[in-house]
Amino acid sequence: MADEVTQEESAGESLMDKISEKIDDHDSSSSSDSDHDEKSSPSSIKSKISRLFGREKPVHKVLGGGKAADVFLWRNKKISVGVLGGATAMWVLFELMEYHLLTLVCHCLILALAVLFLWSNASTFINKSAPRIPEVHIPEDPVLQIASALRIEINRSFALLRNIASGRDLKNFLYVIAGLWVLSIVGSWCNFLTLFYIAFVLLHTVPVLYDKYEDQVDSFAEKAMAEIKKQYAVFDAKVLSKIPRRPLKDKKKV
């Protein structure tokens, strides 16, 4: 009887061990499934999407990360509305009403000088203090920084154009020619002021929309770039590869 009792107890313990092992296996499998779900979460999918133009920084950093970027991304809506409204008013004034810049500057100076002159002379009669006219001067450091940055960008553009004109990179040559051709067509539709205003409005709308829907835009752009590369490969195989080219000479003529 004692042996039977011990056998029953051992059988019961082995059965409980098997049940506990099955529960542990189920828990481990569920934890691995949850880990797999976490790996396939939207954050991981978001990291796998290749960003537009190979961008690694956020849009705010790409735009400079300062107050200008806050204005373009509408972080401060009052300033953004004011800047866009001022640009719209200038475009309406100069383009639709055909007002001229020199005329506007002269009229504003006439009005300001007349008001200050009359106020300065009338202050003695009305027992009020004369207006404090601030001393306006242009600081040297910001002007030098702007000129230096502009010089660097112009030299970089000249170097790029020189590299393209040398015939070393056919792909960039085609890109630049197509871009200039599209720009010439757009320039024939409107004058420089309207084109500048359109670019200014796009600068205040496209970045904020892209920052809001960057995942969808990057996914679509990735598919579009893959299709463009595919079509370029076909064009290269059928047309560009058949163009005869002069062999490069390694040795220089003495």
Side-chain angles (χ1 to χ4, degrees), residues 52-53 55 59-113 136-166 169-214 217 221 224-225 228:
L52 194 63
F53 304 116
R55 177 178 59 86
V59 181
H60 189 267
K61 292 294 183 181
V62 173
L63 295 176
K67 294 182 179 180
D70 293 338
V71 173
F72 293 145
L73 294 177
W74 294 74
R75 301 289 175 87
N76 193 334
K77 295 183 178 180
K78 292 182 179 180
I79 298 178
S80 300
V81 169
V83 172
L84 189 59
T88 303
M90 297 293 288
W91 179 75
V92 170
L93 188 66
F94 293 127
E95 183 65 22
L96 298 183
M97 299 181 64
E98 297 182 354
Y99 210 69
H100 299 286
L101 179 62
L102 183 60
T103 304
L104 177 64
V105 172
C106 291
H107 286 175
C108 290
L109 288 175
I110 289 172
L111 180 62
L113 289 175
V136 180
H137 64 279
I138 300 175
E140 183 179 1
D141 292 337
V143 175
L144 294 178
Q145 291 176 359
I146 294 173
S148 178
L150 185 62
R151 180 183 63 83
I152 292 173
E153 294 299 328
I154 292 175
N155 290 335
R156 187 178 300 173
S157 301
F158 284 157
L160 178 62
L161 293 175
R162 183 177 180 274
N163 188 19
I164 293 173
S166 63
D169 195 344
L170 182 60
K171 184 185 292 187
N172 287 333
F173 171 75
L174 295 177
Y175 285 160
V176 171
I177 293 299
L180 291 175
W181 180 67
V182 171
L183 188 61
S184 65
I185 294 176
V186 175
S188 64
W189 294 343
C190 54
N191 56 17
F192 179 75
L193 180 61
T194 303
L195 185 62
F196 181 79
Y197 176 69
I198 292 173
F200 192 81
V201 172
L202 291 177
L203 193 61
H204 279 76
T205 53
V206 173
V208 64
L209 292 176
Y210 174 70
D211 185 49
K212 188 176 182 180
Y213 304 102
E214 60 177 343
V217 174
M225 289 301 296
I228 290 173

Are there more than 12 heavy atoms of other residues, nucleotides or ligands under 6.0 Å from atom CZ of F94?
-> yes
Rounded to the nearest 0.5 Å, what separation is found between the CG atom of L104 and the CG atom of L109?
-> 9.5 Å
Can you sort out the partners of F200 under side chain to side chain contact (heavy atoms under 4.5 Å, CB included), two or more places apart, ordered by chain and number?
-> V83, L84, A87, H204
Rounded to the nearest 0.5 Å, how far does CG of L93 lie from NE2 of H100?
-> 10.5 Å
With rounding to the nearest 0.5 Å, note down the distance linking CG in L195 to CD1 in I198.
-> 6.0 Å
When you look at F72 and V208, which way does the side chain to side chain contact (heavy atoms under 4.5 Å, CB included) test go after all the steps?
-> CA-CA 7 Å; F72 293 145; V208 64; over 6 Å; no
Residue set satisfying side chain to side chain donor-acceptor pair (under 3.5 Å) with Y99, at least two apart, ordered chain then number -> H107
Rounded to the nearest 0.5 Å, how far apart are OH of Y210 and OG1 of T205?
-> 15.0 Å
Where the side chain of N163 meets the backbone of A159, is there a donor-acceptor pair that is under 3.5 Å apart?
-> no
Spacing of SG belonging to C108 relative to CG belonging to L113, to within rounding of 0.5 Å | 11.0 Å
Residues in salt bridge (charged side-chain N to carboxylate O under 4.0 Å, His left out) contact with E153, at least two apart in sequence or another chain | R156
Would you sort out whether T194 and N191 count as a side chain to side chain contact (heavy atoms under 4.5 Å, CB included), showing the intermediate values?
-> CA-CA 6 Å; T194 303; N191 56 17; 2.8 Å; yes
Which residue pairs satisfy the side chain to side chain donor-acceptor pair (under 3.5 Å) criterion with at least one member in residues 73-89, sequence neighbours excluded?
-> T88-Y197
Partner set under side chain to side chain contact (heavy atoms under 4.5 Å, CB included) for S157, not counting sequence neighbours = none
Note: I164 and V176 closest approach over all heavy atoms is CD1-CG2, 3.3 Å
Can you list every pair that meets side chain to side chain donor-acceptor pair (under 3.5 Å) and has a residue in residues 176-190, with sequence neighbours left out?
-> none
Gap separating the CG atom of L101 from the CE atom of M90, nearest 0.5 angstrom | 6.5 Å
